[in-house]
J.: 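Supplied in structure tokens, the structure appears directly below.
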Amino acid sequence: MWGGRFADGPSAIMREINASIPFDKALWRQDIAASKAHVAMLGAQGIIAAEDAATISAGLDAVAAEYERDGVPEDWDREDIHMTTEARLAELIGPVAGRLHTARSRNDQVATDFRLWVREALAEMDAGLAELQRALVTRAGEHADAIMPGFTHLQTAQPVTLGHHLMAYYEMFRRDRARIAEAAGRLNECPLGSAALAGTGFPIDRAATAAALGFARPTANSLDAVSDRDFALDFLYCCATSALHLSRLAEEVILWASQPFGFIRLPDSLSTGSSIMPQKKNPDAAELVRGHTGRVIGALTSLMITMKGLPLAYSKDMQDDKPPVFEAAALMGLSIAAMTGMIAESSFNTERMRAAAELGYATATDLADWLVREAGVPFREAHHITGEAVKLAEARGVALDQLSLAELQKIDARIDARVYQALSVDASVAARASYGGTAPDEVRRQVAAARRALGMEE
Ligand code: ARG
């Protein structure tokens, strides 16, 4: 298609290094849609004859039907999806096919196709994350009262509720979805009609093709439009941040499923066994979600590095924009689905969680707070007194609320019997009813607000 000025054909190496059809065939639906929008506009503007436009459009439908039925053929001589489609179109309808490429270039074509693809990928990721949020909110509602140890530094810190913990992830995925919406907003401009880089002398109607492809408007600068891959970087950043959140959730699932924790029993459907140790049930799906995150972050890094040195406008380096985006999208689809299944179908061992919360002196802060509130002790002094109580309980191997009143009063005479109400894990979580806090009623309020936001019935 570009051989006019060449005496020799490309070497085998050139053909191989040049070919993007092995991966960009994934763009075939977008390529057909953009070509149909373009040819309809060429016909409407009188740039080509209306009959020719109709013939080409019908021919594109025929090519699409073949792709749908047989897949896209991978012929390196046809380089990419754009030339593959055009060549097949010419086989089907003859030389009139050559009029399709009037007033366009593969540079604006690929920029348009790829935007259309990423627009769908963003929508799919958003739908997947919404499903995951629904699973989290459902389980959080079931376990708004279930007490577990809350950790900082992975040391038992204060009791929290399982519902509160799950709702923390709901918030992360809420921010991820807001990022996706912003990315979709920025992507919403159509490069088609920018041509190779400088625009075109033909009287095209860019607003018409933009509208036909569902974009808000045409891009404003043709040089920028053919060389911009920010929409792909935005997408990969959305993927990377969300993968990072999924990975943290996966890490917790892995810890919780381990025998020393024993907080969660994973569904058989998302676990594997060991070929040598019959007792094992491995959290492979969660481990792979954690592992895939490295590849997704790598995809973002890869495209940033591809783009960072490119002068305006298009350079062939940009052909390498697609594999990282396709890989990240596929990994995200799997990871989100796997975590959704794990959250929806695991069973939580809430007795075990509660026992762990009771073991770790998680209510020490409540003793200090009680001394401040009921005995007027300055917090720093209360912290010290409480430390003494923890030391004694530890030495005796008992929980804080198993120390006798005499023992507590020996540490500080201002302590009285009312303190025991503050030392239970139930009292501790119930007291933390500040906005966003862990108290069961407050968690129920958070769950109700989330259910409304997700359009779930209450
Ligand atoms: N396959 C190319 C890509 O993905 C299409 C654009 C090629 N343009 C060009 N002038 N060689 O980037």
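Bear in mind that the values here come from a model prediction, so they are computed numbers and not experimental data. Counting starts at 1 for both ligands and their atoms, in listed order.
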J.: Does Gln109 have a heavy atom less than 4.0 Å from any atom of ligand 1?
T.: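 It does not; every heavy atom stays at 4.0 Å or beyond.
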J.: Which atoms of ligand 1 sit under 4.0 Å from any heavy atom of Asp80?
T.: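 Taking each heavy atom of Asp80 in turn, ligand 1 has 1 (N), 2 (C), 5 (C) under 4.0 Å.
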J.: For the side chain of Asp108 and the backbone of Ser105, is there at least one donor-acceptor N/O pair under 3.5 Å apart?
T.: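 Yes; at least one donor-acceptor contact below 3.5 Å.
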J.: Atom 12 (O) of ligand 1: which protein heavy atom is closest, and how many Å away?
T.: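 Of the protein heavy atoms, Tyr314 OH, 2.4 Å lies nearest.
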J.: Taking N or O atoms only and a 3.5 Å limit, does Gln319 qualify as a polar contact for ligand 1?
T.: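 Such a contact does occur with ligand 1.
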J.: So, does Thr438 use its side chain to make a donor-acceptor pair with the main chain of Val429 at under 3.5 Å?
T.: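 Here the side-chain-to-backbone pair does not exist.
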J.: How close does the nearest protein non-hydrogen atom get to atom 11 (N) of ligand 1, and which residue and atom is it?
T.: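 Protein heavy atom at minimum distance: Arg106 NH2, 3.6 Å.
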J.: Please identify which atoms of ligand 1 are closer than 4.0 Å to at least one heavy atom of Lys322.
T.: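 Those of ligand 1 that fall under 4.0 Å from Lys322 are 3 (C), 4 (O), 12 (O).
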J.: Looking only at atom types and distance, does a side-chain atom of His164 sit under 3.5 Å from a main-chain N or O of Gly436, one as donor and one as acceptor?
T.: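 A pair under 3.5 Å: yes.
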J.: Whether the side chain of Arg217 engages the backbone of Ala210 through a donor-acceptor N/O pair (distance < 3.5 Å, no angle test) should be reported.
T.: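 No; zero donor-acceptor contacts below 3.5 Å.
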J.: Heavy atoms only: which of Asn107, Asp108, Asp320 is nearest to atom 8 (N) of ligand 1?
T.: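 Of the listed residues, Asn107 has the closest heavy atom.
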J.: List ligand 1 atoms under 4.0 Å from Ser20, heavy atoms only on the residue side.
T.: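 Listed by number with element: 1 (N).
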J.: Given 3.5 Å as the limit, does a donor-acceptor pair link the side chain of Thr200 with the main chain of Phe202, or not?
T.: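 Yes: the side chain of Thr200 pairs with the backbone of Phe202.
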J.: Below 4.0 Å, non-hydrogen atoms only: which portion of Glu79 touches ligand 1? Side chain, backbone, both or neither.
T.: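 Near ligand 1, Glu79 shows nothing, with every heavy atom at 4.0 Å or more.
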J.: OG of Ser428 to CG of Asp366: how many Å apart, nearest 0.5 Å?
T.: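 It comes to 3.5 Å.
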J.: Side chains of Arg175 and Thr241: any donor to acceptor distance under 3.5 Å?
T.: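 Result is no, nothing qualifies.
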